[in-house]
Amino acid sequence: MSNCTIRRATLEDYESVLGIGEVYNGVDYLPCKYAEFLEDDNYLNFICIVDGEVIGFLCGALIDNREAFVLRAGRVKEAYQGQGYYRALRSHLYLTMSKIKSVKQEKVVVFNEISQKLRQPDSGFEHIAMQVRTFEIPEGSVEEISSDLQPLTQKDLRRLLSDPETRDFLFPEGILYVHQVPYKLIEGNFPSIFNKRTVLFGTPACRSQYKLVTAGHYFNVKLGFRYILDIHGSSSEELEEHIKAHLAFIRELNKGKTTVTIFTPQTFPVDVLDDILKRVGAVYLEPFHSEEHTFRRWVSE
């Protein structure tokens with residue numbers, strides 16, 4: 001480890017970072033979003049260099065008015081794994097975050113295997129669970145789908161969050177997820193929530209109360225077009241219209257094959273979700289099925 005150097009990543013490091021290797025089974029978002037991470041002041045991006053070779057990358061995204069951070073896109077070259085380099089990257093990022101006085105909390109999203117460790121009483125983490133379903137939308141399968149739902153604006157979300165009953169029903173943990181990032185329900189997160197890759201749908205204005213809010217986030221990956229759909233609320237009656245709205249939105253962006261991963265609350269009836277997707281020709285991808293879990297912990301008082 002004495003030959004390890006860690007520094008901030010730059011745009012010029014793009015090819016070297018991608019050269020670290022394939023991760024996430026062909027659905028890695030970093031190649032598409034690397035420049036966005038580097039251009040955002042709330043993203044702290046670090047590379048690990050050994051003997052002049054970039055062998056690791058890790059990003060820390062500051063959210064919640066810079067009061068919390070989330071680890072993103074971590075990776076180490078296969079030949080260097082298990083030798084402490086990722087731990088060194090993470091320690092360097094934690095040290096950097098500790099120097100930002102506003103940071104009080106860390107949030108993480110992990111697969112089930114790692115979640116077992118973080119659930120231990122001495123881990124210091126609080127657990128929040130999610131369910132995950134992944135489907136493939138074949139080319140041309142949903143060309144005729146349309147929806148009357150209109151995307152939510154920042155004004156719409158502000159009004160929604162101002163009603164305690166609606167807010168607590170939709171977001172009982174006080175979190176709005178967009179692409180696995182757990183955002184606190186504050187306006188300081190609106191610029192990140194309403195970015196160029198994200199669309200939110202809610203109950204039409206003619207109805208008295210929002211029963212379901214869904215957030216879609218998209219990017220291109222090695223396997224094609226990738227769409228992440230986060231569901232907030234437990235009203236399955238509204239779901240079909242939301243799914244149609246997102247599918248229509250997807251087809252405006254991409255006519256080819258699409259992989260859609262859907263995150264739902266733990267209590268959400270996934271059989272209803274499966275039935276809706278099957279009716280529009282989507283194919284459930286069993287190998288992708290997993291649980292992802294969100295944890296948070298205080299890192300300073």
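Keep in mind that what you see is a predicted model, and the values were worked out from it rather than measured.
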I'd like to know if the side chain of [X] reaches the main chain of [Y], judged simply by a donor and an acceptor atom lying under 3.5 Å from each other, with no hydrogens or angles considered.
X	Y	value
S162	R159	yes
K107	V70	no
D230	H179	yes
Q81	V76	yes
D274	D271	no

Under a 3.5 Å cutoff, is there a donor and acceptor pairing between the side chains of [X] and [Y]?
X	Y	result
D13	S16	no
E238	Y210	no
R296	H127	no
S192	N189	no
Y227	H246	yes
Y43	E36	no

Aromatic plane relationship, [Y] with [X] - under 30° parallel, 30 to 60° tilted, over 60° perpendicular:
X	Y	value
F249	F201	perpendicular
Y34	F57	tilted
Y284	F135	tilted
Y29	F37	perpendicular

Over all atoms of both residues, closest heavy-atom pair of [X] and [Y]:
X	Y	answer
R75	G21	NH1-O, 4.5 Å
N42	D40	N-OD1, 2.8 Å
S123	K117	CB-O, 4.0 Å

Do NZ/NE/NH1/NH2 and the carboxylate oxygens of [X] and [Y] come within less than 4.0 Å?
X	Y	result
R279	D275	yes
R158	E187	yes
R226	D28	no

#### Entry: F268-F263 aromatic ring centre distance below 6.0 Å
no
### Task
Might you confirm whether atom CD of Q116 has over 12 heavy atoms from other residues, nucleotides or ligands at distances under 6.0 Å?
yes
#### Entry: Crowding at CZ, R87 (>12 non-hydrogen neighbours, <6.0 Å)
no
### Task
Walk me through it: do F46 and H92 pass the test ring-ring contact (aromatic ring centres under 6.0 Å, His included)?
CA-CA 9 Å; F46 293 98; H92 186 88; 4.9 Å; yes
### Message
Set out, in order, the CA-CA distance, both residues' side-chain angles and the distance that settles side chain to side chain donor-acceptor pair (under 3.5 Å) for R8 and N45, then state yes or no.
### Response
CA-CA 6 Å; R8 293 287 287 267; N45 308 277; over 6 Å; no
### Query
Any link between L95 and Y85 through a network of hydrophobic side chains (Ile, Leu, Val, Met, Phe, Trp, Tyr) touching at under 4.5 Å?
no
### Query
For Y218 and T258, what are the C-alpha separation, side-chain angles and deciding distance, and is it a side chain to side chain donor-acceptor pair (under 3.5 Å)?
CA-CA 10 Å; Y218 64 91; T258 300; over 6 Å; no
### Task
May I have the step-by-step check of ring-ring contact (aromatic ring centres under 6.0 Å, His included) for F190 and Y183, ending in yes or no?
CA-CA 9 Å; F190 281 16; Y183 292 104; over 10 Å; no
### Interatomic distance, L89 atom CG to C4 atom SG [nearest 0.5 angstrom]
6.5 Å
